[in-house]
Structure formats: structure tokens, C-alpha cells
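To start, the structure itself, in C-alpha cells.
Hydrogens, waters and symmetry mates are skipped; everything else that's a heavy atom, side chains included, is used.
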Amino acid sequence: MKFLVCISNVPDTTTKITFTPDNKEFNKAGVQFVINPWDEYALTRAIELKEAQGSGTVTVLNVGEADTEPNIRKALAIGADDAIRVNAAPKDAYFVAQQIAHYAKEGGYDVILMGKESIDYNGFQVHGMVGELLGIPTVAPAMKLDMNGNTATLEREIEGGKEIVEVNAPFVASCQQPMCEPRIPNMRGIMTARTKPLKVVDAVGEGAATEVAEYQLPPKKQGVKLIPAEQAGELIKLLRNEAKVI
């Protein structure tokens with residue numbers, strides 16, 4: 001079975017967010033990038049399923065420029081067999097979905113996995129678009145994934161509970177915890193990752209369907225007002241008139 005795992009290159013969660021002077025792009029200066037944490041669940045589960053079957057391949061795909069390659073190599077060190085980098089900036093969800101769908105179809109992959117969303121934009125869009133472009137089922141967000149031959153059993157989160165579904169390959173699934181325990185690369189994996197194939201390909205299809213008009217930082221937190229316990233009436237007044245929560 002051929003697994004395609006799509007990974008994003010995102011800022012570390014401790015990053016201080018700033019934008020370029022025109023407020024139209026994220027300022028990458030001095031920023032540490034990591035594999036999107038949700039994608040690590042997809043990657044680890046694909047490797048586990050390949051190992052359980054005793055055969056198959058796991059390919060990682062990233063839409064990004066050359067500066068994403070260290071994290072692609074990390075994915076290879078974790079256990080992926082090979083990688084594809086689409087040489088283009090991921091301008092929006094539709095553009096990224098086009099690239100994934102094209103190379104997934106070209107490579108004849110059986111299972112396409114990715115995180116439920118990226119932690120930078122939190123769009124929750126790409127998996128559904130990929131499934132639609134390929135004309136195959138999409139299950140999202142999946143908390144559990146098991147394979148029995150060509151049939152997958154997935155457990156997904158729904159409002160107020162969970163739903164268990166079965167689907168035949170090919171299909172798309174977006175992943176979240178507690179699907180598995182994400183792996184970290186060991187020394188052997190780091191060494192072998194250096195020689196694993198990383199293919200760089202050109203972008204296809206249309207350009208981005210949207211463009212950023214402006215980024216804005218959230219308003220700064222206001223100072224805390226301390227109200228003496230004996231002035232409960234003043235507290236209620238502030239909550240009603242200023243905070244507007246009652």
C-alpha cells in the first residue's frame with residue numbers, strides 16, 4: 001500500500017509573530033520552523049501501518065520553498081521512505097490542494113493523510129479540497145485509523161461524541177490526537193535520511209484563489225483592575241458597562 005503524507009512547515013509555537021512593513025506577509029526573520037504538529041500524527045500512523053503490513057511505502061509531500069527541506073529531512077528521519085517538495089510558496093489552501101491532488105494522482109497513492117489543519121492558519125480546508133479534486137472520500141478529523149487489506153476503519157470526532165466509519169482505498173483523512181504517539185527521529189534515522197530520495201517538482205494548475213489584504217495582530221491585553229472585596233457593586237458595574245459580559 002502506498003501512503004502519501006502531506007506536511008506543512010510552520011513557525012514554532014513559541015514564535016513571536018510579526019509581519020512585514022506592509023502587513024501582507026509573515027516576517028520569517030529569526031523564526032524557527034517545525035513540522036506542523038498535527039501532520040506528525042499522520043506521518044507516524046502511516047509508518048506504523050506500513051510496518052504492520054510488512055510492505056508498502058510512505059512518501060511525504062510538502063508545498064514549499066527550499067528552506068523547508070530541513071523539516072522534510074526530519075520526516076524522512078522519522079521513517080518516511082522518500083519525499084516530494086513542490087517548489088512554490090503555499091499561498092492559499094486551494095493552491096496547496098491542487099498540488100497534492102495532482103501528485104497524488106500521478107503517483108497512484110492509496111491513502112492520503114495529513115493533519116487536521118496547520119497551526120499557523122488553522123484553515124481546516126485542504127483535506128476536503130483534495131478529496132473533491134480527486135473524486136474520492138474524505139474523513140475528517142480522524143482520531144483512529146486501522147487498515148484491513150484495502151478497507152480502513154476510522155474513528156472521527158463529531159459534536160457530542162464519535163463516529164466509526166469504513167471506507168475503501170483510495171481516500172483522504174485528516175488526523176489528530178489520540179491517533180498515535182508521534183515519533184522522534186533516532187540517530188540511525190537521521191543518518192539514513194541524508195541519502196533518501198527528495199524529489200523537487202514544479203507547481204501545477206492555477207495560482208492562488210485568494211490573496212491577503214492585510215494581517216493584523218490581536219489588540220494588546222489591557223491592564224488588570226483590582227477591585228476590593230467590599231466593593232462588589234463596583235465590580236458588577238465594570239463587568240456590565242466595560243467588559244460587557246453580564
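- Thr153 contributes atom OG1, which lies 8.5 Å from atom CD1 of Ile164 (distance to the nearest 0.5 angstrom).
- Clustering ILVMFWY residues whenever any of their side-chain heavy atoms sit less than 4.5 angstrom apart, transitively, puts Tyr41 in a cluster other than the one holding Leu154.
- Taken together through direct or relayed side-chain contacts under 4.5 Å among Ile, Leu, Val, Met, Phe, Trp and Tyr, Val34 and Ile17 form parts of separate hydrophobic clusters.
- Between Ala193 and Ala77, the shortest heavy-atom contact is CB-N, 3.5 Å.
- Hydrophobic clustering of Ile, Leu, Val, Met, Phe, Trp and Tyr side chains at less than 4.5 Å, counting indirect connections, keeps Val31 apart from Val10.
- One distance of note links NE2 of His127 with OG of Ser174; it measures 4.0 Å at 0.5 Å rounding.
- Salt bridge absent: Lys2 and Asp81 never bring a charged side-chain N and a carboxylate O closer than 4.0 Å.
- Here the side chains of Lys50 and Met1 are not in contact, with every heavy-atom distance at 4.5 Å or above.
- The CG atom of Asn27 lies 7.0 Å from the OG1 atom of Thr20; values are rounded to the nearest 0.5 Å.
- The minimum heavy-atom distance between Gly207 and Gln98, with the atom names listed, is O-NE2, 3.8 Å.
- Between Arg156 and Glu163, at least one side-chain N (NZ, or NE/NH1/NH2) sits under 4.0 Å from a carboxylate O, which counts as a salt bridge.
- The local environment of CD in Glu211 is sparse, with at most 12 non-hydrogen atoms from other residues, nucleotides or ligands closer than 6.0 Å.
- With a 4.5 Å cut-off on side-chain heavy atoms, Lys237 and Glu234 count as touching.
- For the atom pair Cys6 SG and Asp39 CG, the distance stands at 8.0 Å (nearest 0.5 Å).
- Between the side chain of Asp110 and the backbone N or O of Ala169 there is no donor-acceptor pair closer than 3.5 Å.
- Looking at Ile7 and Asn9, their side chains never come closer than 4.5 Å, going by heavy atoms from C-beta outward.
- Of all heavy-atom pairs spanning Trp38 and Glu117, the tightest one is CD1-O, 3.0 Å.
- Taking Ile, Leu, Val, Met, Phe, Trp and Tyr as members and joining any whose side-chain heavy atoms lie under 4.5 Å apart, directly or through other members, the hydrophobic cluster of Leu226 also contains Val224.
- For Tyr215, the ring-ring contact (aromatic ring centres under 6.0 Å, His included) partners at least two apart in sequence or on another chain are Phe19.
- The hydrophobic cluster containing Tyr103, built from Ile/Leu/Val/Met/Phe/Trp/Tyr side-chain heavy atoms closer than 4.5 Å, also comprises Leu4, Leu61, Val63, Ile84, Val86, Phe95, Val96, Ile100, Tyr109, Ile112, Met114, Val126, Val130, Leu134, Ile136, Val172, Val201, Val204.
- Shown here are the ring-ring contact (aromatic ring centres under 6.0 Å, His included) partners of Tyr121, two or more places apart in sequence or in another chain: there are none.
- Minimum heavy-atom separation, Ile72 to Ala83: CG2-CB, 3.4 Å.
- Counting only heavy atoms from C-beta outward, the side chains of Leu198 and Glu69 approach each other to under 4.5 Å.
- Residue Thr44 holds its OG1 atom at 7.0 Å from CD of Glu40, rounded to the nearest 0.5 Å.
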Evaluate the side chain to side chain donor-acceptor pair (under 3.5 Å) criterion for residues Asn168 and Asn150: first the C-alpha distance (whole Å), next the side-chain angles of each, then the deciding distance (0.1 Å), finally the verdict.
-> CA-CA 6 Å; Asn168 291 328; Asn150 201 48; 5.0 Å; no

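- Applying the salt bridge (Lys or Arg N to Asp or Glu O under 4.0 Å) test to residues at least two apart or on different chains, the pairs with a partner in residues 22-37 are Lys28-Asp67.
- Around atom CD of Gln231, more than 12 heavy atoms belonging to other residues, nucleotides or ligands sit under 6.0 Å away.
- Once rounded to the nearest 0.5 Å, the distance linking CZ of Arg45 with NZ of Lys144 reads 8.5 Å.
- The main-chain N or O of His102 is never found under 3.5 Å from a side-chain atom of Lys105 such that the two would form a donor-acceptor pair.
- Residues Leu133 and Ala101 approach most closely at CB-CB, 3.8 Å, considering heavy atoms.
- Side-chain contact between Phe33 and Asp12: absent, with no pair of heavy atoms (C-beta onward) separated by less than 4.5 Å.
- In the model, Asp82 has a side-chain atom that pairs as donor or acceptor with a side-chain atom of Thr59 under 3.5 Å.
- Follow the hydrophobic side-chain contacts under 4.5 Å out from Ile35 and you never reach Ile190; the two are in separate clusters.
- Salt bridge status for Glu51 with Arg183: present, with a side-chain N to carboxylate O gap under 4.0 Å.
- Residue Leu238 is found in a hydrophobic cluster whose other members, listed by chain and number, are Ile227, Leu235, Ile236, Leu239, Val245, Ile246; membership requires side-chain heavy atoms under 4.5 Å apart, directly or through intermediates.
- Side-chain contact check for Gln32 versus Pro11: every heavy-atom pair is 4.5 Å or farther apart.
- Grouping the Ile, Leu, Val, Met, Phe, Trp and Tyr side chains by contacts below 4.5 angstrom, directly or via other members, places Ile184 apart from Val5.
- No more than 12 heavy-atom neighbours from other residues, nucleotides or ligands sit within 6.0 angstrom of CG on Asn148.
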Could you go step by step and tell me if Asp92 and Thr210 meet the side chain to side chain donor-acceptor pair (under 3.5 Å) rule?
-> CA-CA 7 Å; Asp92 72 354; Thr210 60; 3.0 Å; yes

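- Taking a cutoff of 4.0 Å between a charged side-chain nitrogen and a carboxylate oxygen, Glu65 and Arg85 do not qualify as a salt bridge.
- Residues Met143 and Gln176 form a side-chain contact, since some pair of their non-hydrogen atoms from C-beta on lies under 4.5 Å apart.
- Annotation: side chain of Val60 is in contact with side chain of Leu43 (closest heavy-atom distance under 4.5 Å).
- Residues Lys196 and Arg73 share a closest heavy-atom pair of O-NH1, 2.8 Å.
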